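This report concerns only the one structure given below.
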Amino acid sequence: MLAKLAQRGLWLLLVGVISTFAVQAADVSIDQFRVRGPAGGNDEFVELFNAGPAAIDLSAWKFNASNASGTVGTRLTFPSGTRLASGCHLLLTNSASSGYSGSVPGDLSYATGVTDTGGLALLDADGNIVDQVGLSTGSAYKAGTPLASLGSSNTDQGYQRRQTAAGLPQNTGDNSADFVTLSPTQPHNSASPCVAMGPSLSIADSSISVHGAGDVAMPFTITMNQAAPSGGTSVHVATTDGTATAGVEYAALDTTLTIAAGETQANFNVVVHGRTTPGDDKSFSVTLSDPGDGVALGNATATGTIHYDIPVQAEIWQINGSGQQAALLGKSVLTYSNVVTAVGPLGFTMQTPDARADASPLTSNGVYVFTGSTPTVSVGEAVDVAARVDDYYGLTELKDATVSVVDRHVRLPRAVVFNRDTPSTDPNHLSCGATNFQCFMSMRVRIDHGMINTGNKRFSSEPYAEVSITANGRRSLRHPGVLFGVPVPAGVDLPNWSGNPEVFKMNTADFGAVPLNTPFNAGSTFHAEGVISYDFGAYTFIPTQFRLAYAAPIPRPVSPTPLLALRIGAFNLERFCDSTFDTTYTCSGGSKEPTPDEVALKTRRLSSYVGSVLRLPDVLSVEEVETLPILQGLATQILTDYGVAYDAYLLPGHDPSGINVGFLVRHDRVQVLSVQQLAANETWDDGGHTAFIHDHPPLLLTAQAGRMRFHVISVHMKARQNVDDNNADATRDREKRFLQAKSLASQVQALQEADPRMPLLVVGDFNAYQFTDGWTDVVNLVAGRYDDRQNLLKLGGNIVRPALWNAVNAVPSNDRYSFLYTQNFGEIQGYTKAGSGNPGRAVPTFQVLDHALLNVPARLRFLRMQFGRADLDAPAQTKDDAASATDWTRAIGVSDHDGFVVDLFVPLIHHRQH
């Protein structure tokens with residue numbers, strides 16, 4: 001409520017009535033701006049100025065911006081009731097991450113910045129351009145010759161509009177003539193002194209707090225923008241009811257006031273009546289009219305707000321209520337004999353004793369008390385607290401608290417046990433009604449089977465910060481179904497995936513349970529007690545006691561190759577490129593290719609992964625490799641590091657960035673008979689032009705190990721980044737993935753029919769799950785297990801018979817992942833936006849994108865499938881540090897996939913001389 005009142009107060013501060021002077025929109029101009037500042041590209045502001053004689057209504061006006069290519073967009077639509085008084089300023093600031101850093105507060109904010117070489121414009125409610133400034137010739141917004149961009153240096157510099165000899169903003173219609181650079185900038189807001197543009201009177205809002213039965217005087221000030229003329233001037237003042245009623249909450253006023261000659265202010269009071277019981281805040285209006293001759297009205301209406309700050313005696317659950325916002329937000333409260341459950345550096349949590357806890361499962365019995373310094377209370381003490389209820393970015397807290405210890409060594413309230421059922425895994429039946437965690441806020445929680453899902457993120461100066469966790473002992477895995485929140489298409493008999501609402505985050509060091517910057521690897525398990533909090537837009541567990549049950553190591557290699565076994569693996573090397581830019585797009589995916597030193601470093605790191613994490617497989621499918629020479633370089637590095645010789649195979653495909661699939665084959669264990677591309681020249685109608693179906697044509701290896709001849713197909717299918725959307729790109733990408741899978745299925749079936757007894761494996765990065773996403777089930781189409789009822793695109797009958805088997809199904813369920821994707825669901829289930837790049841609920845989701853499909857002869861020889869772990873489970877800082885390691889741990893973080901191996905029983909395999 002306080003936030004809403006503050007926002008309402010801002011808007012009303014700008015409210016005025018249009019005077020009898022003619023008001024022209026052209027009186028408002030962009031007076032000063034910067035599009036980059038000390039904090040970076042979002043550290044920007046735009047200052048507006050009203051040079052006219054009276055207030056101007058800015059309701060529904062727009063602040064727009066353009067980039068250097070002429071693409072425009074609205075950054076801010078002004079709220080209804082926004083007015084700009086004569087001679088006054090209005091400051092618009094960027095509120096995104098690393099946004100406006102100036103000391104002068106903004107009046108209104110926007111969240112998408114202006115590019116360094118773009119332009120900005122002010123449009124009226126009808127869409128007419130009132131003022132515009134450009135920083136390049138390509139900007140859609142500019143007047144005459146645009147200004148020069150101030151570049152990408154993060155310094156405090158911007159542009160200021162020149163003034164005419166009369167002190168008015170200069171506007172010749174030529175940006176280069178009208179603006180000069182300004183360093184440092186000097187922004188002004190609505191609270192800054194206004195410039196006299198002709199005599200005018202304004203009145204400011206006022207508010208008071210009522211603490212008891214006595215009457216209170218609410219002061220108002222009328223201000224003239226220049227000294228009153230000889231003889232003074234007068235203005236009529238009258239109150240009007242709002243939610244407050246004259247004679248009940250306040251005494252009505254209807255009078256005429258005089259500002260004496262040479263004076264600039266007149267003051268008066270409105271009497272507000274007291275009360276002894278709490279109540280909702282009330283407000284009334286004070287309006288100016290009938291000013292003296294030659295005097296205009298600026299802000300002619302003010303709001304008087306009555307805050308009833310009468311302390312309410314309440315239990316914690318009454319303070320909280322059942323919603324995400326506290327029921328008594330903004331009120332002063334008294335709450336007695338609650339138990340301290342956790343103590344942090346700036347506050348503590350307390351909870352209602354079990355005997356007084358409410359029976360509702362939707363209200364929390366805990367609350368955080370902000371002290372601003374180290375609390376003087378201890379866990380197990382009973383305390384009385386007098387404080388004001390506040391909301392700190394979604395966390396209900398008691399602020400300005402007076403705390404009294406009334407008992408010690410009190411039994412702690414029972415902890416809520418988080419387990420397989422709590423928090424809920426069903427988004428349709430969340431634990432707290434509309435959310436999964438709100439009813440546990442600031443309460444004691446015990447987790448007996450915690451799972452760390454991700455290694456630590458970095459945050460500011462903390463190299464090892466938060467981790468993602470579950471309390472049910474399970475990883476945060478992608479499960480079957482259409483993406484949560486996306487409507488299931490007609491003709492698809494499939495539910496939505498749940499979106500894993502049971503996943504939340506943990507800040508282990510906040511209350512001292514573990515030392516600050518303690519690293520944790522994903523896959524570790526733990527026992528803990530602590531409290532639920534809310535941090536940076538998300539629900540967070542802060543432990544008070546913490547013990548690792550299993551500390552997952554990084555790297556975690558696969559087991560050695562068994563005796564009498566052939567090991568076949570696959571690994572996406574993530575843009576393993578040379579340093580030459582000779583493709584349509586950069587192979588690296590960035591703005592430039594890697595340097596020779598960077599290529600050499602990645603080669604050494606990949607060698608460590610292949611040699612020590614995957615344990616030197618006999619055949620390794622590799623994806624995202626640019627050229628045969630660079631793959632041969634990896635083979636040479638492996639020989640140097642491990643003394644094992646590999647032969648490299650790669651045939652170029654059609655990817656415009658040059659990435660391809662290939663093989664590394666152990667020279668001492670496997671004899672290569674042939675390597676060939678499959679369906680490399682197949683085409684399709686891609687939006688009216690003929691294009692290749694396969695960007696990375698499947699690569700067929702035929703080889704001999706011992707007496708067993710076998711096939712391996714290396715695949716890298718089209719990515720699925722668009723398929724969950726509802727647009728033309730999604731339709732196109734779904735169709736292409738479907739055609740790729742059909743093409744490969746036809747090739748697989750042809751091989752099976754040619755020699756049904758030969759073992760065949762299809763391995764690599766399918767960019768698809770082991771189950772359908774509801775659009776097209778790429779993996780099971782290739783395997784011969786496609787179900788038209790569960791897919792938007794219909795096959796009409798499986799191509800591959802007998803069907804292939806996915807070895808992923810033999811992997812323990814918690815280990816079924818080869819890729820980590822953070823699925824963003826937006827502001828749902830109580831999660832809110834908190835800075836740039838944080839759209840609300842963001843769920844780290846582990847997926848299987850890399851598969852091994854085996855035909856019947858291969859499955860009969862199947863022993864085991866394993867994923868090597870060095871990339872997905874490490875903390876961000878560990879990945880960065882690994883690049884400079886001198887041992888095999890340099891493999892950590894070398895790719896965005898984890899590779900796998902499949903072991904097949906081959907009794908007569910032997911070493912060849914090399």
Side-chain angles (χ1 to χ4, degrees), residues 554-559 561 566-577 587 599 601-628 630-638 641-642 644 646-650 659-666 670 696 698-699 701 712-717 719 761-768 807-808 811 815-820 846-853 864-874 879 882 888-903:
I554 285 291
R556 298 198 299 277
V558 299
S559 61
T561 304
L566 175 74
R567 171 159 288 179
I568 298 173
F571 185 29
N572 184 316
L573 306 188
E574 192 189 6
R575 302 279 174 175
F576 187 31
C577 310
C587 173
V599 174
L601 174 60
K602 178 148 187 173
T603 302
R604 293 193 297 273
R605 298 180 71 193
L606 289 171
S607 172
S608 295
Y609 196 105
V610 174
S612 295
V613 180
L614 296 182
R615 303 285 188 111
L616 300 168
D618 299 308
V619 175
L620 182 65
S621 164
V622 291
E623 302 91 51
E624 295 197 16
V625 184
E626 185 175 13
T627 65
L628 180 58
I630 199 171
L631 188 58
Q632 289 170 331
L634 176 56
T636 300
Q637 186 68 49
I638 296 172
D641 293 342
Y642 296 94
V644 173
Y646 277 91
D647 295 321
Y649 299 89
L650 181 146
I659 55 174
N660 299 289
V661 297
F663 286 105
L664 288 174
V665 183
R666 280 190 63 159
V670 175
H696 322 117
L699 197 60
L701 170 76
V712 181
I713 301 176
S714 172
V715 302
H716 184 199
M717 311 291 267
L761 295 88
V762 186
V763 301
D765 181 2
F766 284 73
N767 271 312
V808 166
V811 176
D815 207 34
R816 292 180 193 170
Y817 61 93
S818 66
F819 189 77
L820 172 59
F846 289 86
Q847 312 167 347
V848 182
L849 298 185
D850 304 84
H851 303 265
L853 306 181
R864 186 178 182 183
M865 180 179 184
Q866 303 171 77
F867 288 96
R869 301 300 180 197
D871 292 330
L872 307 184
D873 289 347
K879 294 178 184 179
W888 72 291
T889 61
R890 62 189 174 197
I892 298 172
V894 70
S895 173
D896 57 354
H897 288 244
D898 274 336
F900 69 79
V901 294
V902 171
D903 294 329

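Small disclaimer: the values here were computed from a predicted structure and weren't measured. Hydrogens, waters and symmetry mates are skipped; everything else that's a heavy atom, side chains included, is used. One is the number of the first residue; the rest follow in order along the sequence.
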Working for side chain to side chain contact (heavy atoms under 4.5 Å, CB included), residues D850 and F766: CA-CA 6 Å; D850 304 84; F766 284 73; over 6 Å; no
Before giving the answer on side chain to side chain contact (heavy atoms under 4.5 Å, CB included), spell out for F663 and V712 the whole-Å C-alpha distance, their side-chain angles and the decisive distance to 0.1 Å. CA-CA 10 Å; F663 286 105; V712 181; 3.8 Å; yes
So M865 and V901, side chain to side chain contact (heavy atoms under 4.5 Å, CB included) or not? Walk me through it. CA-CA 6 Å; M865 180 179 184; V901 294; over 6 Å; no
I would like to know whether I713 and V763 meet side chain to side chain contact (heavy atoms under 4.5 Å, CB included); could you show each step before the answer? CA-CA 6 Å; I713 301 176; V763 301; over 6 Å; no
What's the verdict on ring pair (Phe, Tyr, Trp, His ring centres under 6.0 Å) for F819 and F846, showing C-alpha distance, side-chain angles and the deciding distance? CA-CA 6 Å; F819 189 77; F846 289 86; 9.7 Å; no
Per-pair distances, 0.1 Å, donor-acceptor, side chain in residues 612-620, under 3.5 Å, sequence neighbours excluded:
| from | atom 1 | to | atom 2 | distance (Å) |
| --- | --- | --- | --- | --- |
| S612 | OG | Y642 | OH | 2.6 |
| R615 | NE | V558 | O | 3.3 |
| D618 | OD1 | R669 | NE | 2.7 |
| D618 | OD2 | R567 | N | 2.8 |
| D618 | OD2 | R669 | NH2 | 3.1 |

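Within the 4.5 Å cutoff, the side chain of R869 has no heavy atoms near those of the P557 side chain. Residues L634 and I638 have side chains in contact (heavy-atom distance under 4.5 Å, counting atoms from C-beta outward). At a threshold of 4.5 Å between non-hydrogen side-chain atoms, the residues I892 and T889 count as touching. Side chains of W888 and D641 form no contact here, defined as non-hydrogen atoms less than 4.5 Å apart. Contact annotation: the side chain of L631 approaches that of L664 to within less than 4.5 Å [non-hydrogen atoms, C-beta and beyond]. Contact of the I659 side chain with the E626 side chain is not registered, since no non-hydrogen atoms from C-beta on lie closer than 4.5 Å. You'll find the side chain of V715 reaches within 4.5 Å of the side chain of V762, heavy atoms only. Under the 4.5 Å side-chain criterion, counting only non-hydrogen atoms from C-beta, E574 is not in contact with V894.
Listed by chain and residue number, nothing satisfies the side chain to side chain donor-acceptor pair (under 3.5 Å) test with N660 (two or more places apart in sequence, or in another chain). Shown here are the side chain to side chain donor-acceptor pair (under 3.5 Å) partners of S621, two or more places apart in sequence or in another chain: E623, S714.
Salt-bridge check for D647 with R666: failed, with every basic side-chain N at 4.0 Å or more from each acidic carboxylate O.
Of the possible polar contacts, one joining the K602 side chain to the L573 backbone as a donor-acceptor pair under 3.5 Å is found. Between the N767 side chain and the M717 main chain, a donor and an acceptor come within less than 3.5 Å of each other. One N or O on the side chain of Y609 and one on the backbone of G868 form a donor-acceptor pair closer than 3.5 Å. Between the side chain of R575 and the backbone N or O of C587, at least one donor-acceptor pair lies under 3.5 Å. T636 places a side-chain N or O within 3.5 Å of a backbone atom of Q632 that can act as its donor or acceptor partner. Not a single donor-acceptor pair under 3.5 Å links the side chain of R864 to the backbone N or O of V902.
Residues H897 and D871 bring no donor and acceptor atom of their side chains to less than 3.5 Å of each other. Remark: the Y817 side chain and the D873 side chain contain an N/O donor-acceptor pair separated by less than 3.5 Å. D898 and S818 share no side-chain donor-acceptor pair at under 3.5 Å.
Remark: Q637 CD to T603 OG1 distance equals 6.5 Å, nearest 0.5 Å.
Using a 30° and 60° split on the angle between ring planes, F900 and F867 fall in the perpendicular class, above 60°.
Annotation for H716 and N572: closest pair NE2-ND2, 4.0 Å, computed over non-hydrogen atoms.
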